[in-house]
Structure formats: structure tokens, C-alpha cells
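Reviewing the structure listed below.
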Protein chains: 2
Amino acid sequence: MKPITRKQEIITVASRLFNEKGYKAVSMRDIATAMDIKAASLYNHIKSKQEILSEIILKVAEEFTVGMENVLAENSSAIKKVEKVIELHIDITVNHSEALAALNNDWMHLEEIDLRSFVKMREDYEENFRSIIKQGIESGEIKPYHPEVILFSILSTLRTLYLWYQKRGKLDVNVLKKDMVSVLIKGIV
Amino acid sequence: MKPITRKQEIITVASRLFNEKGYKAVSMRDIATAMDIKAASLYNHIKSKQEILSEIILKVAEEFTVGMENVLAENSSAIKKVEKVIELHIDITVNHSEALAALNNDWMHLEEIDLRSFVKMREDYEENFRSIIKQGIESGEIKPYHPEVILFSILSTLRTLYLWYQKRGKLDVNVLKKDMVSVLIKGIV
DNA sequence: AATTCTAACTAACAAGCGTTAGTTTTGTTA
DNA sequence: TAACAAAACTAACGCTTGTTAGTTAGAATT
């Protein structure tokens with residue numbers, strides 16, 4: 001099913017360390033020490049430190065992209081779509097909590113091609129979310145506040161969810177979904 | 001009024017660079033180059049790189065602390081207090097947009113004493129905000145959602161406001177206050 | 001039993017880091 | 001104009017960084 005390769009182990013350990021101190025503050029020797037090997041040994045499995053960062057960030061970014069595409073493909077109300085987006089964020093937060101720190105704070109350390117790819121995905125994601133909200137306002141499902149403020153408000157909350165999730169010790173997923181949907185949606189309908 | 005010392009210039013330039021790439025990714029030589037001098041010259045004005053970070057973060061953290069104390073001292077409803085907190089964040093965002101990046105992402109690179117001081121301030125701040133919300137729920141002003149979820153939702157939005165403020169090109173402060181208060185409050189009353 | 005593969009190792013590199021010491025330039029005041 | 005302080009400079013330090021080269025031990029395959 002999931003053959004835990006040595007490379008994947010490195011990426012997991014690195015995610016944990018990047019989550020704590022950030023990409024630039026973690027050295028290859030830090031990662032190696034955490035795995036009880038020497039820094040040079042890491043290079044039997046990965047090409048560079050950059051590759052680690054890139055795999056962490058782009059894998060999760062693609063999950064967001066695919067998730068958003070699924071939501072858009074649905075034939076349902078705007079509010080239902082917003083609910084689905086919220087659930088998407090919660091699922092990813094629960095499964096990749098530590099990768100989200102890198103995605104949020106270290107994306108600017110990606111190199112050219114990966115950087116462009118990431119920024120594009122993030123812009124598209126925001127634009128798609130924005131269109132859902134606008135659509136909801138037009139149909140009268142969502143209050144006619146400034147769409148940008150609604151987008152920003154919801155997205156800020158969802159993007160920093162991983163910080164709360166880590167602090168409050170692994171809340172139950174379904175309870176989390178129910179509460180988040182309530183608080184985030186009730187304010188705008 | 002405000003005698004722009006050379007030290008203050010350094011801190012301003014450093015804030016801008018930290019905002020772009022993070023504390024660890026910015027070298028003293030980067031800061032110096034941005035000021036058209038050599039790295040060693042910086043040390044005529046500051047003690048260490050750490051001091052720069054510490055001044056950036058703690059100065060703003062104290063503004064939050066003082067601001068929250070003023071709100072608590074008021075004799076007004078819970079909702080009014082929440083409004084004041086929102087306005088506090090907006091004012092600080094407008095005046096110290098770039099310092100907020102360091103405060104949000106680089107606080108863990110503070111050294112011992114400053115680190116403890118910062119963490120204490122942040123915990124107290126959250127606790128005070130939490131108590132305002134709880135008080136509002138008890139008095140019936142605020143809907144009886146889980147206070148932690150309300151706290152998290154509002155605080156996430158306010159804490160990442162600087163990112164949007166920078167992107168959307170310096171919005172008008174008063175418009176911002178009105179819209180933010182609407183969207184953030186209307187959902188919970 | 002011989003070979004190949006995997007994953008570790010040691011040793012070292014060139015570049016960059018924060019910082020210090022000592023010196024020179026610049027601008028203001030006596 | 002001489003003296004002084006402020007703020008720049010050059011040169012270097014010890015240390016850490018990401019990474020490479022070459023080697024070795026053990027396991028799997030032929």
C-alpha cells in the first residue's frame with residue numbers, strides 16, 4: 001500500500017523540523033541527527049535540500065488544487081461548496097499538519113520553477129474560492145458583503161488552522177468540521 | 001518628534017527584508033547592502049542581529065499588550081470590546097505591517113529571555129481575548145458557540161491581516177475597520 | 001561463492017555566516 | 001583651524017552551511 005521509503009522518512013522528519021523552526025533554520029545535519037545518521041548519508045536518497053522543501057510543499061499544494069477542482073465540479077449551492085472547501089482544509093490539516101507550516105511560511109524559498117508553479121496554484125485557488133463566494137452573493141445565498149473581505153476572513157482562518165490543531169492536541173475531525181462550518185458560515189448567510 | 005536615528009533606519013530596513021524572506025534567510029550583509037554600507041558598519045549602531053529581531057518583535061508585542069489593557073479597562077459591552085480589539089489590530093497592521101511578519105513567523109528565533117517574555121505576552125493576550133468572548137456569551141451578546149472556535153477564527157483573521165494589507169495595496173483604514181467589524185462580528189451575534 | 005545493490009560511513013571542499021579589531025573618513029563644535 | 005565624535009571602512013576570525021568524492025559493511029540476487 002504505502003511502501004515507506006527512506007526518502008519518505010527523510011521528508012517526514014524534515015517536515016517536523018521545518019514546522020518547528022522554518023526551512024532556513026534547519027540544517028542538513030539537523031535532519032540527519034534526527035534520523036541517527038550522518039548528513040552526507042541523506043544524499044543517497046535525495047538530490048538536495050531544495051528537493052525536500054519542494055516535495056513537501058508541492059505535494060500538499062496539489063491536494064488543495066485537486067480538492068478545489070472536485071468542489072467546483074459539483075452541482076450544488078454556493079454555500080454547500082463553501083462547506084466542502086472548509087472540509088477540504090480540515091482533512092488536509094489533519095493529514096499533513098506539519099507540511100502546512102512550510103507551505104505557509106517557506107514557499108518563498110522554493111527555486112524558480114517550483115516557485116512559479118506554487119504561486120500559480122495558490123492564485124488559482126484563491127480565484128476559484130472568490131468565484132464561489134461571488135456566485136453565492138449573486139444567488140442571494142450569501143450576504144452582500146465585500147467578497148474580498150469574506151474570502152480573506154475565511155481563508156485566513158482555514159490557513160492557520162494547523163497551528164491551533166497542533167496546539168489543542170489533535171481534536172476529533174468530525175467535531176471540528178461541524179464547529180468550523182457553523183462559525184464560518186453562520187456569519188455570512 | 002521622532003528623531004530617526006541610524007539604528008532605527010537599520011531596524012526599518014531589516015523589518016522589510018525579514019518580511020520578505022524571514023529572519024534566518026536575511027544576512028547582516030543583506031541588510032548592509034540594502035543600506036549601501038558594509039556589514040561591519042552596522043555594529044556601530046546595534047549590538048547584534050538578535051537585537052534587531054528582538055526590537056522589532058517586542059516593540060509591537062508591547063503595543064498589543066498595552067492596547068488590550070486599555071480595552072479591558074473600558075466600561076462597555078463585550079461586543080464593543082471585541083470591536084475595539086479589531087480596531088487595535090487594524091491600527092497596528094497599518095503602522096507596522098512589516099514588523100508583523102517577524103512577530104508571526106520568527107518569534108521562535110528570539111533568545112531565551114526575550115522568547116519567554118514574548119510567549120508570556122502572547123498567552124496573556126489570548127487569555128484576555130478569550131475572557132471577553134466568554135463574558136459576551138454569558139451576557140447573551142454573543143452566540144453560545146465554542147469560545148475557543150470563535151477566538152481562533154477572529155484571531156486568525158486579525159493576525160494575518162498584514163498579508164492582505166500588503167497585497168491589496170494600502171486600503172483606507174476607516175473603510176477597513178468598518179468592513180472587518182461587520183464581517184467578524186455579524187457572524188457571532 | 002561471486003556479484004550487485006543499498007545505505008551507511010569518513011573526510012573534505014568552497015562559500016557564507018555573525019562578529020571583532022583596528023583604522024580612516026566625515027561632519028560638527030570649540 | 002584644531003579637536004572630537006560619529007559613522008564609515010578593510011581585514012580577518014572561527015564556525016556552520018550544503019554538498020561531493022570515495023569507501024565500506026551488510027543484504028539480496030545470480
Side-chain angles (χ1 to χ4, degrees), chain A residues 2-58 101-102 105-115, chain B residues 2-58 101-102 105-115:
Chain A
K2 40 179 172 180
I4 302 167
T5 65
R6 202 77 174 116
K7 176 172 176 175
Q8 196 50 61
E9 286 185 62
I10 293 173
I11 290 174
T12 303
V13 169
S15 294
R16 202 188 73 228
L17 297 179
F18 293 169
N19 180 58
E20 288 166 13
K21 316 199 297 169
Y23 175 72
K24 282 285 186 178
V26 174
S27 70
M28 295 303 278
R29 285 163 181 84
D30 290 335
I31 299 172
T33 300
M35 301 191 68
D36 257 314
I37 61 176
K38 293 295 156 84
S41 307
L42 294 169
Y43 289 82
N44 282 313
H45 309 282
I46 49 127
K47 278 197 286 293
S48 63
K49 193 187 177 192
Q50 264 291 320
E51 192 199 12
I52 301 178
L53 182 67
S54 150
E55 294 232 355
I56 292 173
I57 293 181
L58 290 185
N105 303 319
D106 291 320
W107 59 268
M108 72 283 277
H109 300 123
L110 290 170
E111 55 191 13
E112 269 207 278
I113 310 164
D114 290 333
L115 179 61
Chain B
K2 38 180 173 179
I4 301 167
T5 66
R6 201 79 172 114
K7 177 171 177 177
Q8 196 50 60
E9 285 186 63
I10 293 172
I11 290 174
T12 303
V13 169
S15 293
R16 201 188 73 227
L17 297 179
F18 293 169
N19 180 55
E20 286 166 13
K21 318 200 299 173
Y23 175 71
K24 283 283 186 180
V26 175
S27 71
M28 294 303 279
R29 286 165 180 83
D30 290 336
I31 299 172
T33 301
M35 302 191 65
D36 258 316
I37 59 176
K38 293 294 154 81
S41 308
L42 295 169
Y43 289 84
N44 284 313
H45 310 281
I46 49 126
K47 277 197 289 293
S48 63
K49 193 187 179 191
Q50 263 292 318
E51 192 199 14
I52 301 177
L53 182 69
S54 150
E55 294 232 356
I56 293 172
I57 293 181
L58 292 185
N105 304 319
D106 291 320
W107 58 268
M108 72 284 276
H109 300 123
L110 290 170
E111 56 191 11
E112 268 206 281
I113 310 166
D114 291 333
L115 179 61

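Convention: sequence-line order gives letters A, B, ...; per-chain numbering from 1.
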Inset, instruction - Answer yes or no: does a side-chain N or O of A:Lys49 lie under 4.0 Å from OP1 or OP2 of D:dG18? - result: yes

Inset, instruction - In whole angstrom, give the distance that lies between atom CE of B:Met28 and atom P of D:dA8. - result: 13 Å

Inset, instruction - Specify the closest pair of heavy atoms between A:Leu110 and A:Ser54, including all atoms of both residues, with the distance to one decimal. - result: CD2-CA, 3.6 Å

Legend entry - Close side-chain approach of B:Lys7 and B:Glu51, heavy atoms under 4.5 Å: yes

Inset, instruction - To the nearest Å, give me how far apart CD1 (B:Ile46) and P (D:dA6) are. - result: 17 Å

Inset, instruction - Could you tell me which non-hydrogen atom of B:His109 sits nearest to which non-hydrogen atom of B:Gln50, and how far apart they are? - result: O-NE2, 2.6 Å

Legend entry - Atom pair distance, as rounded to whole Å: NZ in B:Lys7 and P in D:dA8: 15 Å

Legend entry - A:Ser41 versus A:Asn44, side-chain donor and acceptor atoms under 3.5 Å: no

Inset, instruction - May I ask you to check whether B:Asp30 and B:Ser27 show a side-chain donor-acceptor distance below 3.5 Å? - result: yes

Legend entry - Length of the NZ-P vector between A:Lys47 and D:dT20, whole Å: 12 Å

Inset, instruction - Starting at CG of B:Asp106, measure out to NZ of A:Lys21 and round the result to the nearest 0.5 Å. - result: 13.0 Å

Inset, instruction - Taking only the side-chain nitrogens and oxygens of B:His45, find out if one of them lies under 4.0 Å from OP1 or OP2 of D:dA8. - result: yes

Legend entry - B:Arg6 CZ to D:dA5 C1', straight-line distance once rounded to whole Å: 16 Å

Legend entry - Sugar-phosphate only, base, or nothing, as touched by A:Arg29 at under 4.0 Å among non-hydrogen atoms: base

Inset, instruction - At the 4.0 Å heavy-atom cut-off to chain A, mark where contacts on DNA chain C begin and end, going 5' to 3'. - result: C:dA7 to C:dA12

Inset, instruction - Can you tell me the distance, in whole Å, between the OH atom of A:Tyr43 and the P atom of D:dT17? - result: 12 Å

Inset, instruction - Identify whether any heavy atom of B:Ser41 sits under 4.0 Å from a base atom; if not, whether one sits that close to sugar-phosphate; answer base, sugar-phosphate or nothing. - result: base

Inset, instruction - Find the distance A:Gln50:CD to D:dG18:C1' and express it as a whole number of Å. - result: 11 Å

Legend entry - Most 5' of A:Val26 and B:Ala39 on DNA chain D, judged by nearest nucleotide: B:Ala39

Legend entry - Between P of D:dA6 and CE of B:Met35, the distance in whole Å: 17 Å

Inset, instruction - Please examine the side chains of B:His45 and B:Thr5, heavy atoms only from C-beta on, and report whether any two atoms are closer than 4.5 Å. - result: no

